[in-house]
Amino acid sequence: MSQKPSIPKGTRDFSPIEMARRNYIFDVIKKSFKKYGFQQIETPAMENLSTLVGTGGEESDKLIFKILNSGDYLAKVDKNAFSTQNSSIITHQISEKALHYDLTVPFARYVVQNQNDITFPFRRFQIQPVWRADRPQKGRYREFYQCDADIIGSDSLLNEVDLIKMIDDVFTELFQGKLNYSISINNRKVLSGIAEAVGEKNKLTDITVAIDKLDKIGVDKVLDELKEKNLSTESIQSLKPLFELQGNSTEKIMFLAGFLSCSEIGKKGIEELEFVFETLQKLGLKTAKVIFDPTLARGLGYYTGTIIEVKVENFPSITGGGRYDDLTGTFGLKNVSGVGISFGADRIYDVLLDNNLYPEFKGDSTQVLFTNQSSADESRFLPMLFALRDVGINAEIYTEQAKWQKQMIFADKKGVKYIVSANEKGETFMKSNDSTEKIPFKTINELISFITK
RNA sequence: GUGGUUGUAGCUCAGCUGGUUAGAGCACUAGAUUGUGGUUCUAGGGGUCGUCGGUUCGAACCCGAUCUUCCACCCCA
């Protein structure tokens, strides 16, 4: 052992069985995307750093993996900037590219660049890895796949309804009705309305960040945090009823409608929520439990309307999304609204594994193994091998003339279903993996019908 | 970025309060046996005990730093 090989923190290798499971998840999601009229695109793994920074808020800027410029990257650094040792200034001088942090921002960039060729409303999906310089922990990786579906160029709330129905479809299939999950919905306009209604319009983020922690740290700590952020005692007092909200989603919405009656933007948010909930109620959902959660905030800076998050017990959110009214605005295309969601394939993988929800995968491995104990075997089996492959059966020959035992162990470990062998007289036999009975056969058609029966 | 945690053979781990050439199981390789299905037996390869530095006559074991693992916070898929 010269040196111990390893991979970067938060990244993973995927074995054959893991890939089979991952592809199963991707296939289910992709099938739904297509069914709802989304078309696939792909964007580069790296973007210009300038298109990525400043779109998702300060927090996400910190988590962007930057790519060092090629060549003598230090030579171009401004000497004054260098001597300040200010990394954020120097960063932009030594790095002009970065790995994308999510798929929504590259998509917005794509839309602006290709606006003349796109017919709006545009439904696109994108399944690619994203990178975040985060600290790995449970369900959190530095390289992971997002499966994004976005509709851009439409204000209609029917899109929100469509996305939630699609979430229902995907998890109904993946969870097979055996696992509870909930789709939490809120609206940024409601959060703005709350800030406005308590007279702290400019403390919106402080309020939402604090509210978001309600179920984690409890009412008292949230109030403490608001005090620290210099909210007036009256404001905090008037926020209090929100923390004690009881009842189902409809009752909560009704309460907030009253609470926000003095705020235009708040009223708009309530209207939007009501539409989404009412429409979903009419259409019905297969397995999803949709709840209005006024404490749902979500950090990404660009959301302006509906926000969505899917949760399973004991896991961080497995799907998230929302509406953004002006994401393309930062790239020069105004007045284009979009809404989208992102399935976190890697977290879904962990959830399915934890709950034993993977179907048995058939046909992923070799179905038929031709044993090889002599060059006579090789010449007699090779034509059969290719004949099987030609009719679509996964088959291989053991390429070494090895001991029978070794070949059987190989077949067993690989999960091969059928074994073909010959004796010294040249008689050929086939058998299935779970029995020791060898059945003689003469023609390739006999073999095929045995395997495909 | 903050706090905690982990690191001994390819894998899972043992190694008592620091004391001679660091062990086991599995895996791997070769041979024998079973005489073409996973048995059994024998032998063998493989570790500068994450890395660097310190304490000590002596360190896998104590101390420091660093990297790594996992977990929590922040934030998020």
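Just so it is clear: chains get the letters A, B, ... in the order the sequence lines come, proteins before strands, and each one is counted from 1.
- Applying the 4.0 Å criterion to OP1 and OP2 of B:C70, one finds that A:Gln137 has every side-chain N and O outside that range.
- As rounded to whole Å, 17 Å separates atom P of B:G10 from atom CG of A:Asp13.
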Please output the side-chain donor-acceptor pairs of residues 351-358 of chain A that fall under 3.5 Å, not counting sequence neighbours, one pair per line with the distance.
| from | atom 1 | to | atom 2 | distance (Å) |
| --- | --- | --- | --- | --- |
| A:Asn355 | ND2 | A:Val351 | O | 2.8 |
| A:Tyr358 | OH | A:Tyr349 | O | 3.1 |

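- Comparing B:C11 with B:U56, their C1' atoms are spaced 35 Å from each other, to the whole Å.
- Once the 5.5 Å centre distance and the 30° plane angle are applied, the aromatic ring of A:Phe343 is found not to be stacked with the base of B:A77.
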Would you list the protein and nucleotides 2-4 of chain B atom pairs, both N or O, that sit under 3.5 Å from each other?
| from | atom 1 | to | atom 2 | distance (Å) |
| --- | --- | --- | --- | --- |
| B:U2 | O4 | A:Arg135 | NH1 | 2.7 |
| B:G3 | O6 | A:Arg135 | NH1 | 3.2 |

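- Nucleotide B:C62 forms a pair with B:G54, judged by Watson-Crick or G-U wobble geometry with both contacts under 3.5 Å.
- Between the side chains of A:Gln126 and A:Asp148, no donor N or O sits under 3.5 Å from an acceptor N or O.
- A:Arg21 is linked by a salt bridge (Lys or Arg N to Asp or Glu O under 4.0 Å) to nothing, counting only residues two or more places apart in sequence or in another chain.
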Between side-chain atoms of residues 286-295 of chain A and protein atoms elsewhere (two or more places apart, or another chain), which donor-acceptor pairs fall under 3.5 Å?
| from | atom 1 | to | atom 2 | distance (Å) |
| --- | --- | --- | --- | --- |
| A:Lys286 | NZ | A:Asp169 | OD1 | 2.7 |
| A:Thr287 | OG1 | A:Thr172 | OG1 | 2.6 |
| A:Thr287 | OG1 | A:Tyr181 | OH | 2.7 |
| A:Asp293 | OD1 | A:Thr295 | N | 2.9 |
| A:Asp293 | OD1 | A:Thr295 | OG1 | 2.7 |
| A:Asp293 | OD2 | A:Thr295 | OG1 | 3.4 |

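- Rounding to the nearest 0.5 Å places NE2 of A:His100 at 4.5 Å from CH2 of A:Trp131.
- Distance, A:Arg132 CZ to B:C75 P: 14 Å, rounded to whole Å.
- The distance from atom CG of A:Asp102 to atom P of B:A77 is 8 Å, rounded to the nearest whole Å.
- To the nearest angstrom, C1' of B:G1 lies 10 Å from CG of A:Leu63.
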Between the protein and nucleotides 26-31 of chain B, which nitrogen or oxygen pairs come in under 3.5 angstrom?
none

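- Listed by first and then second residue, the salt bridge (Lys or Arg N to Asp or Glu O under 4.0 Å) pairs that reach into residues 301-319 of chain A are A:Arg298-A:Glu309, sequence neighbours excluded.
- When heavy atoms are screened at a 4.0 angstrom cut-off, A:Ala422 is found touching base atoms of the nucleic acid.
- Taking atom C1' in both B:G10 and B:G45, the straight-line distance is 12 Å, to the nearest Å.
- Summary of the strand contacts: A:Tyr141 and A:Asn423 both lie near RNA chain B, and taking for each the nucleotide with the nearest heavy atom, the more 5' one is attributed to A:Asn423.
- Separating the CZ atom of A:Phe144 from the C1' atom of B:C75 is a distance of 11 Å, rounded to the nearest angstrom.
- Two residues, A:Glu424 and A:Arg347, neighbour RNA chain B, and the one matched to the more 5' nucleotide by heavy-atom proximity is A:Glu424.
- Pairs of residues two or more places apart, or lying in two chains, that qualify as salt bridge (Lys or Arg N to Asp or Glu O under 4.0 Å) and include a residue from residues 25-34 of chain A are A:Lys31-A:Glu173.
- Remark: P of B:C70 and CG of A:Asp134 are 13 Å apart, rounded to the nearest angstrom.
- By the salt bridge (Lys or Arg N to Asp or Glu O under 4.0 Å) test, A:Asp325 pairs with no residue at all, sequence neighbours left out.
- Judged by distance alone, the side chains of A:Glu396 and A:Thr366 do bring a donor and an acceptor atom under 3.5 Å apart.
- B:G18 and B:C62: their P atoms are spaced 8 Å apart (whole Å).
- For residues 35-59 of chain A, there are no ring-ring contact (aromatic ring centres under 6.0 Å, His included) pairs, not counting sequence neighbours.
- Rounded to a whole angstrom, the distance from the P atom of B:G50 to that of B:A14 is 13 Å.
- A:Glu42 contributes atom CD, which lies 9.5 Å from atom CG of A:Leu103 (distance to the nearest 0.5 angstrom).
- Regarding A:Tyr181, its OH atom lies at a distance of 17 Å from the C1' atom of B:A77, rounded to whole Å.
- B:C13 and B:A77 are spaced 33 Å apart, taking the P atom of each and rounding to whole Å.
- Within 4.0 Å of A:Val310, counting heavy atoms only, lies no atom of the nucleic acid at all.
- Rounded to the nearest Å, the gap between the P atom of B:A22 and that of B:U48 is 12 Å.
- Distance, A:Ile167 CD1 to B:A77 C1': 12 Å, rounded to whole Å.
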Open item on the list: Run A:Phe381 and A:Tyr398 through ring-ring contact (aromatic ring centres under 6.0 Å, His included) and show every step you take.
Closed with: CA-CA 10 Å; A:Phe381 285 147; A:Tyr398 200 90; over 10 Å; no
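- On a pure distance criterion of 3.5 Å, a polar donor-acceptor pair joins the side chain of A:Arg140 and the base of B:C75.
- Within 4.0 Å of A:Gly321, counting heavy atoms only, lies no atom of the nucleic acid at all.
- Heavy atoms of A:Ser432 sit under 4.0 angstrom from at least one base atom.
- If you check every strand for non-hydrogen atoms under 4.0 Å, A:Asn372 touches nothing.
- The gap from the C1' atom of B:G53 to that of B:A43 amounts to 42 Å, rounded to the nearest Å.
- Of all nucleotides listed (B:C71, B:A77, B:U68), B:U68 comes nearest to the side chain of A:Lys9.
- Side-chain proximity of A:Ser342 to B:C75, B:A77, B:C73: nearest is B:A77.
- Atom P of B:U51 sits at a distance of 16 Å from the matching atom of B:C67, rounded to the whole Å.
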